Amino acid sequence: EADIYQTPRYLVIGTGKKITLECSQTMGHDKMYWYQQDPGMELHLIHYSYGVNSTEKGDLSSESTVSRIRTEHFPLTLESARPSHTSQYLCASSKGSRASGRNEKLFFGSGTQLSVL
Amino acid sequence: AQKITQTQPGMFVQEKEAVTLDCTYDTSDQSYGLFWYKQPSSGEMIFLIYQGSYDEQNATEGRYSLNFQKARKSANLVISASQLGDSAMYFCAMRERNAGGTSYGKLTFGQGTILTVHP
């Protein structure tokens, strides 16, 4: 059912490197989100977007940045990776402002497991 | 601010038996939505069930049902006839609305409950 894709699935990288986590969806959803999740823990919202050229910071402070130049694409960038950035990053999308109730459910990608050495 | 609490870090159930996963929430909104997601060890998030704050009946989706007690602010997930494939992490989540009453769409998640189904 979900047509939202994240790459890479796993990434091991050294401290100080710049990285970009890719997220794309083919459902035409206006809203997109990035969540961060440590192993066995809850998800924390770090970025969200309501449409092209719209981005907002989430509840959890993050050194990452995002962009939304196209509806289907919502990449996340870390300019200088650190070991504290090691985590799983989950991208999600949902329908636009006309959606309500059950239709506001989030569709998630498979996640990117990032390890910074 | 809204808050979701799942007080059971881990639960065990025998195959074919029913199990209830607890979720309580805190909100001052009159209109809100509650979601349950399943996260297997592979890491993806799978939508299970939704309950709206104005829904008069408890939601059901196959073997999943939601025991919604609005006055107690609880939205417990009931899984009937547990299967080995139900072993996973389960998250309760709530959808926020802004001051104007329109939905942000963002979900706030609880801490999760790890369910283990024994054969």
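Hydrogens, waters and symmetry mates are skipped; everything else that's a heavy atom, side chains included, is used. Each chain gets a letter, A, B and so on, in the order its sequence line appears, and its residues count up from 1. None of these values were measured; they are calculated from a predicted model.
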Part of A:Gln37 within contact of chain B (heavy atom distance under 4.5 Å): side chain
Per-residue contact mode, A:Leu45 against chain B (heavy atom under 4.5 angstrom): side chain
Establish whether [X] and [Y] are linked, either directly or via other cluster members, by ILVMFWY side-chain heavy-atom contacts under 4.5 Å.
X       : Y       : answer
B:Val13 : B:Leu48 : yes
A:Ile4  : B:Ile46 : no
B:Tyr64 : B:Phe68 : yes
B:Trp36 : B:Val78 : no

Non-hydrogen side-chain atoms of A:Leu106 and B:Met45 separated by less than 4.5 Å: no
A:Leu43 and B:Tyr37, any side-chain heavy atoms less than 4.5 Å apart: no
Which pair of non-hydrogen atoms, one from [X] and one from [Y], has the smallest distance, and what is that distance?
X        : Y        : result
B:Phe91  : A:Met41  : CZ-O, 3.4 Å
B:Leu107 : A:Tyr35  : O-OH, 2.7 Å
B:Phe35  : A:Lys105 : CE2-CA, 3.5 Å

Heavy-atom pair count under 4.5 Å with chain A, highest-scoring of B:Gln39, B:Glu44, B:Gln6: B:Gln39
Does atom [atom1] of [X] have more than 12 heavy-atom neighbours, drawn from other residues, nucleotides or ligands, at distances under 6.0 Å?
X       : atom1 : value
A:Lys17 : NZ    : no
B:Lys16 : NZ    : no
B:Leu84 : CG    : yes

Part of B:Met89 within contact of chain A (heavy atom distance under 4.5 Å): side chain
Pairwise distance CZ(A:Phe108) to CZ(B:Phe47) - rounded to 0.5 angstrom: 11.5 Å
